[in-house]
Amino acid sequence: MPELPEVETTRRGIAPFLERRSIERLVVRESRLRWPVDLPESLAGCRVQSVGRRAKYIIIETTVGALIIHLGMSGSLRIVSPDEPHKVHDHIDIHIKGGTLIRYNDPRRFGSFHFTADPVLNHWLLANLGVEPLGNAFSGEHLFRCSRKRRSSVKAFIMDGRIVVGVGNIYAAEALFLARIRPTTAAHRVSRFAYAELAQAIRGVLGNAIQVGGTTLRDFVNSDGQPGYFKQSLNVYGRAGERCKRCDGVLRGQVLAQRSTVFCPKCQLTSGWERSYLG
DNA sequence: CGAGCAACCTGCATGC
DNA sequence: TGCATGCAGGTTGCTC
């Protein structure tokens, strides 16, 4: 489930229940996640200073160190009543003093929980990440410069977390559609102009999804976990064989770099060279 | 160095 | 109804 917007929505949802509060205890029922979970006793009794995010990692900074949480493909963090019986795949509980319980559920166990007492951005999971797509360092120029020797597809390129983080399979397809770039194009053949459009499209599609997801935040406590953005109209993802909303062409689905991809062969024509001449 | 692919898991939709 | 198959929103780490 989680692409960047859902992670950010989750972060915003749990932050008010954590910040400036004390952790009472942690319960780990299943430690076999993406990596073995090994959390120190010292977390019990510590105080949460902030709930941040880097890429798709939620970072809970405390007085003794930081929790680094990834939701993988199927993970979620929910606020539940502390006497709520745990269900299947409810792997980890964070009990907050005063009665709140933050519960981590992850059927596929592709997610992860780490703890570090060092500066959190030095952690090996975070040390080599690319720029934030909604941050100042992200631009068409950044994409253009990073792509000059990249022969892989532009879709795989923008999903490479060493270049830019947080662009998952859904939003990669959507952004390429908005920028009218064919996902199969080799990254080094995409023009500077087209990358400028692509960067804007990535910002827009992620930003909008966060805004829409944010509208469900008021229900976060009782939420079934499906954020509003999931219902927003997607232009291409999941619509192979249907009509393009822009030009009425028939959307084509294909597997690219092992991920399902959908695009419009009629209006996602090229790498953008000719449009650069048209301005 | 870059590129392609296997692997980690469960749940769900589909088809026989 | 039961069972086999294929596919799913992520990421690392292996091989070539």
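Since the model is a prediction, treat every value here as computed from it, not as a measurement. The sequence lines fix the lettering, A, B, ..., with proteins before strands; numbering per chain opens at 1.
The CD atom of A:Q258 sits 12 Å away from the C1' atom of C:dG10 (whole-angstrom rounding). Rounding to whole angstrom units, NE2 of residue A:H91 and C1' of B:dC8 are separated by 13 Å. Distance CD1 (A:I170) to P (C:dC7): 17 Å, rounded to an integer number of Å. Per the geometry, CD belonging to A:E30 stands 12 Å off C1' belonging to B:dT10, to the nearest Å. Going from atom CG of A:N105 over to atom C1' of B:dT10 covers 11 Å, rounded to whole Å. Rounded to whole Å, the distance from CH2 on A:W35 to P on C:dG10 is 14 Å. Per the geometry, NE2 belonging to A:H114 stands 10 Å off P belonging to C:dT12, to the nearest Å. A:D160 places its CG atom 13 Å from the P atom of B:dC1, with the value rounded to the nearest Å.
Dashed line: the shortest gap from a side-chain N or O of A:S260 to OP1 or OP2 of C:dA8 is under 4.0 Å. The phosphate of B:dG2 (OP1 or OP2) has no side-chain N or O of A:K149 nearer than 4.0 angstrom. For A:R151 and B:dA3, the shortest distance from a side-chain N or O to OP1 or OP2 is not below 4.0 Å. Regarding contacts with the backbone of B:dA3, a side-chain N or O of A:S152 is found under 4.0 angstrom from either OP1 or OP2. Proximity of A:H70 to the phosphate of C:dG10: no side-chain N or O atom is located under 4.0 Å from OP1 or OP2.
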Item to check | Verdict with supporting geometry, A:S74 and A:D106, side-chain hydrogen bond (donor to acceptor under 3.5 Å, both in side chains) | outcome: CA-CA 5 Å; A:S74 57; A:D106 186 3; 2.6 Å; yes
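Nucleotide C:dT1 forms no Watson-Crick or G-U wobble pair with any nucleotide shown, as no partner meets the under 3.5 Å limit on both distances. Pair assignment for C:dC14 gives B:dG4, based on Watson-Crick or G-U wobble hydrogen-bonding distances that are each under 3.5 Å. In this structure C:dG9 sits in no base pair that meets the Watson-Crick or G-U test at under 3.5 Å.
In this structure, A:F110 counts as stacked on the base of B:dC8 under the 5.5 Å centre distance and 30° plane angle limits.
Minimum heavy-atom separation, A:T116 to A:D118: OG1-N, 3.1 Å. Taking every heavy atom of both residues into account, A:P5 and A:I210 meet most closely at CA-CG1, 3.7 Å.
Contact annotation for A:R259: base contact, defined as any heavy-atom pair under 4.0 Å involving a base atom. Using a 4.0 Å heavy-atom cutoff across all strands shown, A:S112 reaches no nucleic acid atom at all.
Taking the six-membered ring for Trp and the full ring otherwise, A:F113 and A:Y104 have centroids separated by under 6.0 Å.
Distance from the side chain of A:R34 is smallest to B:dC8 among B:dC8, B:dT10, C:dA8. Closest contact between the side chain of A:P107 and the listed nucleotides B:dG4, B:dG11, B:dC9 involves B:dG11. For A:M73, the listed nucleotide lying nearest its side chain is C:dG10; candidates were B:dG4, C:dT12, C:dG10. Of the listed nucleotides (C:dG10, C:dT12, B:dA6), C:dT12 has the atom at the smallest distance from the side chain of A:L125.
Between A:Y237 and A:Y57, it is A:Y237 whose nearest contact on DNA chain C lies nearer the 5' terminus. Nearest-nucleotide positions on DNA chain B place A:R150 closer to the 5' end than the other of A:R150 and A:H89. With DNA chain C read from its 5' end, the first of the two nearest nucleotides for A:R108 and A:W124 is the one closest to A:R108.
The existence of a salt bridge linking A:E84 and A:R103 is excluded, since no basic side-chain nitrogen approaches an acidic carboxylate oxygen closer than 4.0 Å.
Separation of the C1' atoms belonging to B:dA3 and C:dG9 is 23 Å when rounded to the nearest angstrom.
Taking the ring centre of A:Y237 as origin, the terminal cationic atom of A:R239 falls outside the region bounded by 6.0 Å and 45° from the ring axis. Taking the centre and axis of the six-membered ring of A:F263, the NZ or CZ atom of A:R182 falls outside the cone set by 45° and 6.0 Å.
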